[in-house]
Number of protein chains: 2
Amino acid sequence: MNDTPPQTRIQARNRAVILDAALEVFAARGFRGATLDRIAQVAGLSKPNLLYYFRSKEALHLAILENLMELWLAPLRALDPEGEPRTQIMGYVRRKLEMSRDHARESRLFANEILQGAPRARPVLEGTLKALVDEKAELIAKWADEGRIAPVDPHHLIFSIWALTQHYADFEVQLHAIMGETDPFPAAEAWLERVFGAVLDPAAPPADRT
Amino acid sequence: MNDTPPQTRIQARNRAVILDAALEVFAARGFRGATLDRIAQVAGLSKPNLLYYFRSKEALHLAILENLMELWLAPLRALDPEGEPRTQIMGYVRRKLEMSRDHARESRLFANEILQGAPRARPVLEGTLKALVDEKAELIAKWADEGRIAPVDPHHLIFSIWALTQHYADFEVQLHAIMGETDPFPAAEAWLERVFGAVLDPAAPPADRT
DNA sequence: CGTGAATTTTACCGGGCGGTCAAATCGATG
DNA sequence: CATCGATTTGACCGCCCGGTAAAATTCACG
């Protein structure tokens, strides 16, 4: 699987620099909108030199995607079957929101990829991601059955967590246009605690069950 | 304001065809990723012919954005100060979700634009959109003050509605990878009613007010 | 059905794109 | 400090892109 283990010090450094620059540019422009010239420029290298480290634009994008996958799935992976349900889920929400604050570029890169049909990420989505989501959804369903959280649709709960947290990274420009210079994250954290607190509260079952 | 009123029948038809094709392509690939050749191909016209109707790629994209803005803001605009608060807000959620179902391309076009820094839409965001959001946020705040809905942060409530509903259009590929062929919208509608029902319920104030 | 305007097509251009290649330079090792 | 592989560069290629020019075609209307 690991095709090119970085050997020399120079290789390790330049690969890292390139990956960072590419993350920047891919996140801001999408795959087709990004250019190798610009990535090279941001990385402070010549384009042929960049292509010395990554065979092609495609290979570079794939390398980023692979690198990111672990980081991206970690919060959901950390959902602990042994933990207290509400604490676990609220912790997941908090970690995902921190992800949007501290790794906005990664979030936008994923958003770009998926928006444009996930031509490169689809295998990962259908493989690793689906397996992980199904596993955790089952866990959440169990918690709901046991009455430890309100009865919820586990998949849509997870989607909601993704949507609400990633929104703060992906649509930052829009929030900024509306809210001005204010840092939205403190308020966002309180708000999300409020929202999912209300949704998960086992004492308050679905409002209007007709 | 309206610079080029379509006069002949041919103009009206072709402009419409082009705008539809361009919506398709811009939504799927973003501005820089879209090409005039592809748009022309989808529209069933030659590229110079397309450029006969729209001076440039830029102008075409702007025309789409203008066309879309009304459609896009309509649901929020429809929030009625005279209506019953919860009905109004739940109606807004429902209309936004219908938007994601019936106008997914439009949603993805906006998402692309904003993700990539809204280089063309920023004026609208900071002008029309901000004004509208501020107005409706004030309305929601009033409702909350009057105790007719739970005390909420109006801006973050609106962002949440956007995030949750648009997610179903913008990240469709991801949902599809996880959920398979199932149409997510019926479940989504029930789920969102559940979520916002719980959040707005004035009987259940913020869980842990420290 | 002739005519002038509206529309469409063919041919093209300059620039930027992803990528290649061979030569130049660097750097670790003896 | 010589050597040889690792790294970097400059020059270049073929293609695609946004856009233009002008000729060819079609259309509305008298």
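Below, chains carry the letters A, B, ... as their sequence lines are ordered, and counting in each starts from 1.
- OP1 or OP2 of D:dT9 sits under 4.0 Å from a side-chain N or O of A:Asn49.
- Rounded to whole angstrom, the span from the CD atom of B:Gln41 across to the P atom of D:dG18 amounts to 13 Å.
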Under a 4.0 Å heavy-atom criterion, the protein footprint on nucleotides 16-23 of chain C, written with B, S and -, is -SBBBB--
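- Taking atom CZ of residue A:Arg13 and atom P of nucleotide D:dT8, one finds them 7 Å apart after rounding to whole Å.
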When you look at A:Asp170 and A:Arg108, which way does the salt bridge (charged side-chain N to carboxylate O under 4.0 Å, His left out) test go after all the steps? CA-CA 5 Å; A:Asp170 302 343; A:Arg108 287 195 270 262; over 6 Å; no
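- Atom CG of B:Asn14 and atom P of D:dT26 are 15 Å apart (whole Å).
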Between B:Ile161 and B:Gln166, does a side-chain contact (heavy atoms from CB on, under 4.5 Å) hold up when you go through it step by step? CA-CA 8 Å; B:Ile161 295 172; B:Gln166 294 175 13; over 6 Å; no
Verdict with reasoning, B:Leu23 to B:Asn67, per side-chain contact (heavy atoms from CB on, under 4.5 Å): CA-CA 11 Å; B:Leu23 174 60; B:Asn67 268 13; over 6 Å; no
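- The distance between atom CZ of B:Arg15 and atom P of C:dA6, rounded to the nearest whole Å, is 14 Å.
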Tell me, with the steps shown, if A:Trp72 and A:Met99 meet side-chain contact (heavy atoms from CB on, under 4.5 Å). CA-CA 8 Å; A:Trp72 208 239; A:Met99 214 69 137; 3.7 Å; yes
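- Taking only side-chain nitrogens and oxygens, B:Gln11 comes nearer than 4.0 Å to OP1 or OP2 of C:dT7.
- Taking the ring centre of A:Phe54 as origin, the terminal cationic atom of A:Arg15 falls inside the region bounded by 6.0 Å and 45° from the ring axis.
- Counting to the nearest Å, the P atom of C:dT7 and the CZ atom of B:Phe54 are 13 Å from each other.
- Regarding contacts with the backbone of D:dT7, a side-chain N or O of A:Tyr52 is found under 4.0 angstrom from either OP1 or OP2.
- The side-chain hydrogen bond (donor to acceptor under 3.5 Å, both in side chains) analysis of residues 149-164 of chain B, with sequence neighbours excluded, yields the pairs A:Tyr168-B:His156, A:Trp191-B:Ser160, B:Tyr92-B:Trp162, B:Asp134-B:His155.
- With hydrogens and angles disregarded, a donor-acceptor distance shorter than 3.5 Å links the side chain of B:Arg32 to the backbone of A:Gly33.
- Proximity of A:Glu135 to A:Leu132: side-chain heavy atoms (C-beta onward) are separated by under 4.5 Å at one or more points.
- Looking only at side-chain heavy atoms (C-beta outward), B:Leu65 and B:Leu109 come within less than 4.5 Å of each other.
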Using nucleotides 27-30 of chain D, report all nitrogen or oxygen pairs with the protein that are shorter than 3.5 Å.
none

